[in-house]
Every structure is written in C-alpha cells, then in structure tokens.
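Chain A is the first sequence line, chain B the second, and so forth, proteins listed ahead of strands; every chain is numbered from 1.
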Number of protein chains: 2
Amino acid sequence: MATGRTHRPATRSRGIPEATVARLPLYLRALTALSERSVPTVSSEELAAAAGVNSAKLRKDFSYLGSYGTRGVGYDVEYLVYQISRELGLTQDWPVVIVGIGNLGAALANYGGFASRGFRVAALIDADPAMTGKPVAGIPVQHADALEDIVRDNGVSIGVIATPAGAAQQVCDRLVGAGVTSILNFAPTMLTVPDGVDVRKVDLSIELQILAFHEQRKAGEDAAADSGMPAPAAVKGAAAAAAAMDEADPKGTDGEAPAVMPA
Amino acid sequence: MATGRTHRPATRSRGIPEATVARLPLYLRALTALSERSVPTVSSEELAAAAGVNSAKLRKDFSYLGSYGTRGVGYDVEYLVYQISRELGLTQDWPVVIVGIGNLGAALANYGGFASRGFRVAALIDADPAMTGKPVAGIPVQHADALEDIVRDNGVSIGVIATPAGAAQQVCDRLVGAGVTSILNFAPTMLTVPDGVDVRKVDLSIELQILAFHEQRKAGEDAAADSGMPAPAAVKGAAAAAAAMDEADPKGTDGEAPAVMPA
DNA sequence: ATGTCTTTGTGAACGTGTGCACAAAGATGG
DNA sequence: CCATCTTTGTGCACACGTTCACAAAGACAT
C-alpha cells in the first residue's frame, strides 16, 4: 500500500481512515451519476447500493467528513459531491506527467477522464528518441532528458510510471528528485522512495494471479488429490524439478517486461 | 521437515487469509528474480526486503502454506517458487478472453506477460464490426456475437473487461452466462454478479484520486480555510426526492466513459 | 557430542476495519 | 404541538491484519 502515513497529530480532528479514503472515489462516482440525473437527495441505503458497499459503512465513512446528512431525508447530492471532491483535493488542478509512452502509456494518455476530475496531462515523456515530437493523444511526446525541467516548470507533483520494469526505479528517482511526491506505478517492480513520497501500484499480473487462486479453489473443491511436485523433498532435489516446470518465459522474466503488464 | 504432507490440512486448504493471497504474487516475483540469478536460498529478511514487506509478515504468510523453510538457513528459492505457483494455480493453463479492444484492451493484448505465468489470451472480442478480423497482437479480433461460443469452446473461466462503462455490465452478464467465473474489470462501474463469481477491479481514476488526497494533505499543512460552497445546502423537496429516488435503476449507471480510464 | 549461532515459526498484543442495532434528529401530517 | 415515521450518526462487539518478541529447530564448527 501507500507509504506509511504514520504520525500525524491530526491537525484538525482530521483522521480519515485509509479504508475510507479509498472508498470516497466510489461514492463520488455514484453521486456524480445521481447529480447528472438531477436527483436532489439520496439515502445512505440507496447510495450504498449504488456504490456496492454496506450502508452502515457508508454512513460511518461520511461521519469522518462531518455530518452532512439530514435525518429522515438523506444526503444532499450536490453538497456531498462538493464535500467529497474537496476532501479528495479534486477542486484543484493536478498536472500529471506520464513517463513511458508504450502501449499502456498511450492508452492512458488517450483517456479523456483525466481532465474531468481535476487531473491534467501536463506532458508525455519517453526515453526513445524516435518517439520524441510524435503526438500521442494530441500531446507531443518529449524526451526523457527534459524530465526534470518539465516537472519543475509545470509544478507537477504526481507522476505516472508506465515504463518497463527495468527503467521504473530510475525514472522514479528522477521524478522524485525533480519534486514529484506521488507516484502511480504500472511497472511490475517495487519502488523505493524517500519518506514523504506516496506510491500506489496498479499491477494487472497480480490481479490475475489472485483470480487464478480463487478460480483454482472453486474448481478443486472435489478433485483435490495432490499431484505434481514430490514432497517437501530434500531441499536440493526439489530445486531441479521446480526450475524445469516454471520456465515458460523465454526472455528476461520480470527484469524487463513489456510496457503494459507485469508478470 | 520431510515428513507428513500427503494429508489434507483443512486449516490450510481452506484458510489462507485474503491479505496473504494478495501478497503471494509479490513474493513469487521476487523469488523468480532470485531464481534467475541462481540464488539457492534466501532468508525471510532478504526476501521481505525484496518484496517490500515486513519479514515477520512474510514468515507468517508462508506459514499458511506450510513449513517450507529451514531454520538457520532460510527458504529454498526453487522449491518456494514451485509451492507458491502451485498455490496460486499457476501450474495450469488459464485461457483468458479480453472484451473491448480499445486503447487499453489493445495494450493488454500486446502484453507478453500473460503467457509467462500460465495465462493465455484465448481470444479478443469487440462489439465494433469494423474491428472484426483485424489482428491485434497477432490475434484476430472476433465479434461480440461469438462471445458465448468462444468462452465455451475454449473453456474460458477468466474474463477481462476493457469496454466503456456503459457496456460493462452487459458484457459481464454474458461472460458469466457463458461460464466465466472470474472477472477482471477495467471499466469504471460496479459490476453485479451472481454468487460464486469473483470480480476484481482495476481503476486508475480511483488510484489517482487517492494520491490527490494524500498530496493535498501534504501540501495543505497550513493553508486550509474552506472557501467554496455555502453550507449544508437547502434540503427541501425531501418528499419528492424520496419518490423519485425509487427508480434508482440498476441499469445505466455511469453513462459511458472512454475505454481506458474511469472518472 | 556438544555448544554456538542463525533463522524460522508462532503466541500474544495491538491496531484497523466491519457490521449490527438502536437512540436521537428531524421531517411530515393532523 | 404532538404523534409518527424515516433515516442518520455512532457505541459496541467482533473479525481481520500487523508486528513484536522469543522459544525451538537446525546448521556448523570444534
């Protein structure tokens, strides 16, 4: 998860649980939909259903933001949209840079949703000279050499890393060095950052593996005879067997995976 | 440590904590890297550092899988790679279909990492007739009409949804109807599925918003006077609201968003 | 063998998150 | 103004996850 938020004397009784913060965007999305349909108020029950959570949880979440509901009526949609937006910091403009304009980077750049929520793609950066100047999503790709200048000139504090795993840490270091304090990492690597810098990762491979785990469990409710590997065999004999079975990846495994998905 | 194991430790086959499952892919990645460097054994301390977790947590996680370490030495890398792979169900082949071949869908299809971990792209599906037959990542896109046949013919149990939000639920229903029991959802919508079907979501927008929250907190250590919206806005028309609310349909939730990222 | 040294596996304390259930707040109607 | 009805806000109990700290297991040297 994000880096420890450890000590924070709650400057203003502010102590919103991380789990709650993670759900606020969910509520915001549901509320925005209601707002577009001009629905004036909504009850915790209805909103909870729309967001896919428990209504008690939703009420408790909102209670951390203050008491914005009216008993017997519910919550004012517009007002709640505003409060959550403000709490999440979406009432201001967040310039973002995307580093690594491969398949995924390009897909992200093409996403129009950035602007709609206060995020603005300030620049696209790639290390490949062949990409430089080439427009992606209407924005010309800039060379990695200019990374620091771009970050500083635009006051960028959020960076998105969509490079191969091998380049991620280096890019991360440069971003942080230039002033970025929040990073969204799509590369299949663990990033090391100084204190005060937040990192969140989006890892398709991990998600698939988790699904496979549950899938296997569902399928193996009955046929459960263990097959395959010997036993907690001698710590040496096992090695060979495992080595043989796992190699399916011809080239570097994690070392330098393509730009899109980890492994 | 080379004794008893053929039994069915109900404790283990049924009780690996979700949080542990979510970390197994992380360990697996770190272990694979070690394996490639031919490192024979690794201590919990070293591996924990490589995976970015606490060593006690790692040991406890492994303890759910069984006792695969050797005190005073550490864990056998190859053996652990095998055990985790097996636990995650990666020793078998998982055919996967990707529905919605827009920017993101194409990026996912181009990712080579699927194959390296037991996942295989069985088919690409898109509703746009103009896409049909067009090869993406070497695989010809098939029309959505064939979805059910494709899923059944290939024994697909994992589906990836990369469509616009408006189409996600419908696609989901069809996938589930055809036999898919695990879904990875990239569309910015809450999917409703029957019992027994797992859904995991990857939502870029949410991640960015969470980062913005922390970013704002970091920046706003001082200046924090609220300025926009008035106060608990008018809450009239409550009755009318309640009435209108009743049709909080389960249908078109989020109108429709671009293929890549939610909002 | 015996002792020393390293590292695992885990009991227990602690912290965080979840959900129930209900009193209190406020709207609405007579 | 009082009764009734709806829905919030929250105290409480419980489940889950994390971390500490240490006894026991085993390797290794003598």
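To the nearest 0.5 angstrom, A/Glu87 atom CD is 7.5 Å from A/Leu24 atom CG.
Residue B/Ser44 places its side chain closer to C/dT8 than to any other of C/dT8, C/dG26, D/dG17. Nearest to the side-chain atoms of A/Arg71 among the listed nucleotides C/dA21, C/dG9, D/dT8 stands D/dT8. Side-chain atoms of B/Ala19 lie closest to D/dG17 of the nucleotides D/dG17, C/dA12, D/dC12. For B/Lys57, the listed nucleotide lying nearest its side chain is D/dT18; candidates were C/dT18, D/dT7, D/dT18. Of the candidates D/dG26, C/dT7, C/dG17, the closest approach to any side-chain atom of A/Pro17 belongs to C/dG17. Of the candidates D/dT18, D/dG9, C/dT18, D/dG9 carries the atom nearest the A/Ser67 side chain, counting heavy atoms from C-beta on.
Look at CG on B/Leu47: it is 14 Å from P on C/dT7, rounded to the nearest Å. Atom C1' of nucleotide D/dT18 and atom CD of B/Glu18 are separated by 16 Å, given to the nearest angstrom. To the nearest angstrom, C1' of D/dG17 lies 10 Å from NZ of B/Lys60. Atom CG in B/Asn54 sits roughly 9 Å away from atom C1' in D/dC20 (whole-Å rounding). In this structure, CG of B/Asp61 is placed 13 Å from P of C/dT10, rounded to the nearest angstrom. Rounded to whole angstrom, the span from the CZ atom of A/Arg59 across to the C1' atom of C/dC22 amounts to 11 Å. In this structure, the CD atom of A/Glu45 is 9 Å from the C1' atom of D/dT7, given to the nearest Å. Atom-to-atom, CG of B/Leu65 to C1' of C/dT8 comes out at 14 Å; the value is rounded to the nearest Å.
When each of A/Lys60, A/Glu45, A/Glu46 is checked for a side chain to side chain contact (heavy atoms under 4.5 Å, CB included) with A/Ser55, only A/Glu45 meets the rule.
Between B/Phe62 and B/Tyr75, the gap from one ring centroid to the other is short of 6.0 Å.
Using a 4.0 Å heavy-atom criterion, one finds that A/Tyr75 contacts the sugar-phosphate atoms exclusively.
Within a 6.0 Å sphere centred on CD of B/Gln170, heavy atoms belonging to other residues, nucleotides or ligands number 12 at most.
At least one side-chain heavy atom of A/Ile16 sits less than 4.5 Å from a side-chain heavy atom of B/Phe213.
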